[in-house]
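Report on one structure; see the data block that follows.
If you read the sequence from its start, that first residue is 1, and numbering goes on from there.
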Amino acid sequence: DNDVVEITCNIQKDGVTPVPVDTVDEMQKHLIQTIKFFERNTVKAIRERNKTIAVKALMFHPQVNSYPIACTLLDCYLQEYQEYVGKWTT
């Protein structure tokens, strides 16, 4: 697996030591998996300039969780940053 996660670390002059993580609660694990799904699909959408994949990613984000909102957010983003993101396919 190539996912990256942020964890707490102790930083001292000798180096960095990660704080061990015990068992992750089921609810937290689900949230982590959901956000990783969002992140992977966001990267894929950007690489392919694909609106369908971008909307799918946004719909899975807990703060969006809606097809109409995801479509609106994507349309606004693509319009606002058109000169940087170029043309996207459906």
Nearest 0.5 Å, please: how far is [atom2] in [Y] from [atom1] in [X]?
| X | Y | atom1 | atom2 | answer |
| --- | --- | --- | --- | --- |
| K51 | K87 | NZ | NZ | 6.0 Å |
| I11 | T17 | CD1 | OG1 | 9.5 Å |
| L58 | T72 | CG | OG1 | 10.5 Å |
| W88 | L74 | CH2 | CG | 6.0 Å |
| N41 | T52 | CG | OG1 | 11.5 Å |

Open item on the list: With side-chain contact (heavy atoms from CB on, under 4.5 Å) as the criterion, how do V19 and I7 come out once you've worked through the C-alpha distance, each side chain's angles and the decisive distance to 0.1 Å?
Closed with: CA-CA 7 Å; V19 175; I7 60 170; over 6 Å; no

Open item on the list: Between V16 and N10, is the side-chain contact (heavy atoms from CB on, under 4.5 Å) condition met? List the steps.
Closed with: CA-CA 6 Å; V16 177; N10 293 318; over 6 Å; no

Do you reckon [X] sits in the same ILVMFWY cluster as [Y], going by side-chain contacts under 4.5 Å, direct or chained?
| X | Y | result |
| --- | --- | --- |
| V21 | I32 | yes |
| L78 | Y81 | yes |
| I35 | V43 | no |

Task: Minimal non-hydrogen separation, A54 against A45, with atom names - done: N-CB, 3.4 Å

Task: Over all atoms of both residues, closest heavy-atom pair of A70 and M59 - done: CB-CG, 3.8 Å

Task: Among R40, R47, E48, the one residue meeting side-chain contact (heavy atoms from CB on, under 4.5 Å) with I53 - done: E48

Open item on the list: Please check if the number of heavy atoms outside Q82 that lie under 6.0 Å from its CD is greater than 12.
Closed with: no

- [ ] Look at atom NZ of K56 and say whether more than 12 heavy atoms of other residues, nucleotides or ligands are closer to it than 6.0 Å.
- [x] no

Task: Salt-bridge contact K29-E26 (side-chain N to carboxylate O under 4.0 Å) - done: no

Task: Sub-4.5 Å side-chain heavy-atom contact between V85 and Y77 - done: yes

TODO: Check whether any side-chain N or O of T89 sits under 3.5 Å from a backbone N or O of R49 as a donor-acceptor pair, and report yes or no.
DONE: yes

TODO: Assert yes or no for the condition that the ring centre distance of F37 to F60 is strictly below 6.0 Å.
DONE: yes

TODO: Just do the side-chain contact (heavy atoms from CB on, under 4.5 Å) check on H61 and T42 with the steps written out, would you?
DONE: CA-CA 10 Å; H61 194 287; T42 298; over 6 Å; no

- [ ] Kindly determine whether F38 and V64 satisfy side-chain contact (heavy atoms from CB on, under 4.5 Å), including the steps that lead there.
- [x] CA-CA 11 Å; F38 160 75; V64 178; over 6 Å; no

